[in-house]
Trainee: 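Here it is, the structure, as structure tokens.
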Amino acid sequence: MDNRESPPKMPRWVKVFGVIVIVLLLVFVIIHLLGGEHGPGRHISTDDFAGFIALVIKGKQLS
Amino acid sequence: MTMTPLIRKFMLIVHITSSVSWIGAVACFLALAIVGLTSQDTQIVRAVYLSMDLIVWYIIVPLSLASLFSGLVQSFGTQWGLFRHYWVLVKFLLTILATIVLLLQLEPISYIANVAVDTTFSSADFREVRLSLVVHAAGGLFVLLVIMTLSIYKPRGVTRYGWRKQQEKVKDSK
């Protein structure tokens, strides 16, 4: 039990953790800015998407 | 709100089981994602992505939600609290992050599984999406291992809120 008069300082491991998270977030933002949007839209081309829609339609027709 | 010892132990079993199973399921998912990316055999690649879709929907998503909610019940139902100790708070934030990334990955996983059903699918198609699945699975596995490490070591450190609560308890007991 902590009986000090003033609140304890933030532990060093939390600060290190925070720095790592901030660096990773910055990397994510930089990649985001350089490479366009993140997520499936970034990886799937318009042709792929059109193919996917055609597949879905075909699947619906079969069922 | 404090749980009775019987309920607390039951919830602890649920939490540990779901959390550790989540790690195992993501490890399996990663293995499949690597095989899906590297294999030259189209039949294997197709089977892999169909399996990954099933694993993610029926195993990984339920386990992640069970882990998150049982963790919340554990924290609110015991003296640990959710905002009193840094390790609990960091663990909670990382679990939220892992769950959000997982939910965002559902779309590309289902997409590639739907494409894999098509007989014209070849092992060379959609390399970027498939590489993305490997990267996200590896990242997710790493975050889950960090969460597990925090749970075992429970590094010291009380938040301001936790410290205030401790002081209130000391005053009440006097």
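A quick note: this is a predicted structure, and the numbers were derived from the prediction, not measured. To find a chain, count down the sequence lines: A is the first, B the second, and so on, and within it residues start at 1.
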Trainee: Identify the two heavy atoms, one from B:R156 and one from A:P11, that lie closest to each other, and give their separation to 0.1 Å.
Mentor: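 Closest heavy-atom pair between B:R156 and A:P11: O-CG, 3.5 Å.
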Trainee: For B:K9, does the NZ atom have more than 12 heavy-atom neighbours from other residues, nucleotides or ligands under 6.0 Å away?
Mentor: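 It does not: B:K9 NZ has 12 such atoms or fewer within range.
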Trainee: Let me know if B:L94 has heavy atoms under 4.5 Å from chain A in its side chain, its backbone, both or neither.
Mentor: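 Interface part for B:L94: side chain.
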Trainee: Any side-chain heavy atom of B:Y86 within less than 4.5 Å of one from A:W13?
Mentor: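 Yes, close enough: below the 4.5 Å cut-off.
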Trainee: Hydrophobic clusters here meaning ILVMFWY residues chained together by side-chain heavy-atom distances under 4.5 Å, can you tell me if B:L150 and B:L12 are in one?
Mentor: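 Shared cluster, no.
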Trainee: Counting only heavy atoms not in B:L6, do more than 12 fall under 6.0 Å of its CG?
Mentor: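 Counting other residues, nucleotides and ligands, CG of B:L6 stays at 12 neighbours or fewer.
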Trainee: Hydrophobic clustering (ILVMFWY, side-chain heavy atoms < 4.5 Å, transitive) - are B:V20 and B:I147 grouped together?
Mentor: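 No, B:I147 does not connect to B:V20 through the hydrophobic network.
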Trainee: Contact part of B:L93 toward chain A, heavy-atom cut-off under 4.5 Å: side chain, backbone, both or neither?
Mentor: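 Neither; nothing under 4.5 Å.
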